[in-house]
Amino acid sequence: MGLQVGDPTAPVERILVALDPTPAAIRAAIESSCQLLLTHHPLIFKPLKKISAADPTSSLIFQAIRHELAVFSLHTNYDIVAEGLNDVLAARLGVEETRPLKVTSVDDLVKLAVFVPLGHEEAVMNALFRFTSDIGAYDECSFRGEGIGTFRPLPGARPFIGQVGTRESVAESRLELLLRKADLAAAVKALCAAHPYEEPAFDCYPLLNQGETLGLGRIGRLGETVTLGGFASTIKERLQMRTLRLVGSPDRPVRKVALCSGSGASLLREAVRQGADVLVTGDVKYHEARDAEALGVALVDAGHFATERIMAEAVADRLRAALANGPYDLSVAPFTDDNDPFTAW
């Protein structure tokens with residue numbers, strides 16, 4: 001969704017992270033002198049034909065603008081991304097060795113090769129490492145080989161090495177790095193800024209290698225086989241719930257777990273296809289529960305709110321960690337006073 005309300009050029013010093021842009025969350029952000037409210041669910045979900053103070057959504061937009069509060073929503077991007085909401089939920093429930101339940105995209109990869117005079121490799125690599133794709137459990141991966149480069153500066157050039165009109169031979173390193181195709185333009189810009197040459201020489205190669213797989217939901221395993229009832233009790237405890245709904249006998253064994261935060265019952269057949277014993281999600285409808293019975297898979301309806309409220313602290317923690325070693329001095333806090341619109345009775 002991205003930025004929904006606010007000036008993208010305005011300075012930010014204080015951030016509040018919330019599941020929903022509710023009146024309470026917006027009020028808390030304003031009272032805390034925040035310049036940014038970062039939410040999972042969007043404030044503007046459907047196209048607006050008008051902005052009127054009499055309309056509930058419009059009135060919140062008015063409040064945010066009056067107090068110079070920007071509203072930025074993550075939504076499906078955070079559901080799909082690695083280390084996003086579904087990974088947070090899996091970790092909270094003890095589901096290990098996870099992968100996307102439904103693949104929505106695979107990163108295209110490219111190899112960037114750049115020629116750098118000896119002694120300047122570290123500066124260029126450090127500029128590029130923030131864009132490189134991990135290889136398994138390894139980051140900052142590169143390859144370096146040495147050789148001789150030649151060039152002749154033409155009139156109007158301002159060479160870092162050599163003289164205009166004279167061919168030069170220079171000892172250079174060829175650096176090779178693996179990048180996501182989506183990051184290539186930014187990486188080349190950083191390369192040009194860090195490279196000592198006026199006109200760096202570099203090559204870009206498309207690859208058949210597949211990058212990171214992104215998708216909805218997760219599927220993985222518990223550390224050991226447990227009963228459905230026992231797993232449901234764990235879910236209630238770890239998501240701080242009073243009640244939840246089960247489809248299937250509480251005594252049935254479960255170990256392979258599919259999950260999807262929010263509303264994920266549409267992934268039921270995919271969970272069955274991949275051999276899941278149980279699907280954990282929210283917003284399960286009656287006929288979806290009947291489908292689960294017919295397909296022989298257990299269902300845990302832990303609710304939309306409970307499976308997603310954990311995003312506020314998770315995103316706040318991740319932002320603080322990312323900002324800890326950077327040049328920005330920002331305060332980031334989770335909004336912890338949110339509430340489920342439904343009451344267990």
Side-chain angles (χ1 to χ4, degrees), residues 1 4-5 15-32 34 36-48 51-64 67 69-80 84-86 88-89 92-93 216-217 232-247 259-268 279-289 292 299-316 333-345:
M1 287 290 186
Q4 295 207 302
V5 176
I15 302 172
L16 185 68
V17 184
L19 174 61
D20 296 303
T22 59
I26 288 179
R27 183 169 58 251
I30 292 170
E31 291 174 353
S32 301
C34 293
L36 175 61
L37 175 63
L38 182 60
T39 68
H40 185 54
H41 295 133
L43 174 57
I44 304 172
F45 194 75
K46 298 179 180 179
L48 298 176
I51 297 179
S52 166
D55 174 73
T57 299
S58 297
S59 66
L60 295 178
I61 296 173
F62 272 118
Q63 286 186 53
H67 293 87
L69 174 68
V71 180
F72 190 104
S73 300
L74 303 176
H75 210 212
T76 309
N77 293 322
Y78 188 52
D79 291 325
I80 290 174
L85 182 49
N86 280 293
V88 173
L89 179 61
R92 181 69 66 94
L93 301 184
L216 292 170
S233 296
T234 298
I235 293 172
K236 286 199 295 184
E237 176 187 352
R238 296 185 182 181
L239 297 185
Q240 300 177 6
M241 305 177 64
R242 290 174 56 190
T243 63
L244 47 68
R245 299 191 299 169
L246 292 182
V247 175
L259 59 89
C260 183
S261 63
S263 301
S266 62
L267 300 176
L268 177 63
L279 171 63
V280 181
T281 188
D283 295 345
V284 176
K285 298 178 182 178
Y286 176 84
H287 292 292
E288 293 166 338
L299 263 179
V300 176
D301 185 348
H304 199 123
F305 177 77
T307 58
E308 292 194 334
R309 67 181 301 185
I310 53 179
M311 68 78 55
E313 290 190 3
V315 171
F335 178 61
T336 57
D337 292 334
D338 215 343
N339 64 287
D340 192 337
F342 294 100
T343 301
W345 195 256

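Values in this document were obtained by computation on a predicted structure and should not be read as measured data. These numbers come from the heavy atoms of this one structure, side chains and all, not from hydrogens, waters or symmetry mates.
The shortest distance between side-chain heavy atoms of R92 and L239 falls below 4.5 Å. Between F62 and V5 there is no side-chain heavy-atom pair separated by less than 4.5 Å. In this structure the side chain of E313 reaches within 4.5 angstrom of the side chain of T336, judged on heavy atoms. Counting heavy atoms from C-beta on, the side chains of L267 and L216 come closer than 4.5 Å. Contact of the T22 side chain with the L60 side chain is not registered, since no non-hydrogen atoms from C-beta on lie closer than 4.5 Å. The shortest distance between side-chain heavy atoms of L259 and T281 does not fall below 4.5 Å. With contacts defined as side-chain heavy-atom distances shorter than 4.5 Å, the pair L16/L36 does not qualify. Taking 4.5 Å as the limit, some side-chain heavy atom of I61 sits within range of a side-chain heavy atom of I44.
Between the side chains of E308 and H304, at least one donor-acceptor pair of N or O atoms lies under 3.5 Å. There is a side-chain donor-acceptor pair under 3.5 Å between H40 and D79.
Going from atom CZ of R238 over to atom CG of L93 covers 7.0 Å, rounded to the nearest 0.5 Å. Interatomic distance, C34 SG to H67 NE2, rounded to the nearest 0.5 Å: 12.5 Å. If you take CG on L38 and OH on Y78, they are separated by 9.5 Å, rounding to the nearest 0.5 Å. One distance of note links OG of S233 with CE of M241; it measures 11.5 Å at 0.5 Å rounding. Distance CZ/R242 to OG1/T343: 8.5 Å, rounded to 0.5 Å.
In this structure, T39 contributes its side chain and A18 its backbone to no donor-acceptor pair below 3.5 Å. A distance-only check finds a donor-acceptor pair linking the side chain of N86 to the backbone of S261 [under 3.5 Å]. Side chain of R245 to backbone of D301: no donor-acceptor contact under 3.5 angstrom is found. A distance-only check finds no donor-acceptor pair linking the side chain of R309 to the backbone of L19 [under 3.5 Å]. Listed for the S59 side chain is a donor-acceptor partner under 3.5 Å among the backbone atoms of P56. Looking at Q4, its side chain never comes within 3.5 Å of a backbone N or O of V71 through a donor-acceptor pair. Put simply, the side chain of D20 never gets that close to the backbone of H41: no donor and acceptor are under 3.5 Å apart.
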Practice problem: Determine, stepwise, if the pair M311 / L74 fulfils side-chain contact (heavy atoms from CB on, under 4.5 Å). | Solution: CA-CA 10 Å; M311 68 78 55; L74 303 176; 4.2 Å; yes
Exercise. Show your reasoning for whether side-chain contact (heavy atoms from CB on, under 4.5 Å) applies to T57 and I51.
Key: CA-CA 8 Å; T57 299; I51 297 179; over 6 Å; no
Self-check item: Verdict with supporting geometry, L299 and L246, side-chain contact (heavy atoms from CB on, under 4.5 Å)
Solution: CA-CA 6 Å; L299 263 179; L246 292 182; over 6 Å; no
Quiz item: Should L37 and F335 be marked as a side-chain contact (heavy atoms from CB on, under 4.5 Å) after you check the CA-CA gap, both sets of side-chain angles, and the distance that decides it?
Solution: CA-CA 10 Å; L37 175 63; F335 178 61; 5.9 Å; no
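Taking both residues in full, the closest heavy atoms of A302 and T307 are given as CB-CG2, 3.8 Å, listed atom of the first, atom of the second, then distance. Smallest separation of non-hydrogen atoms from G264 and L279: O-CD2, 3.9 Å. The minimum heavy-atom distance between S73 and P42, with the atom names listed, is OG-CA, 3.1 Å. Nearest heavy atom pair, residue A265 against residue V284, reads CB-CG2, 4.4 Å.
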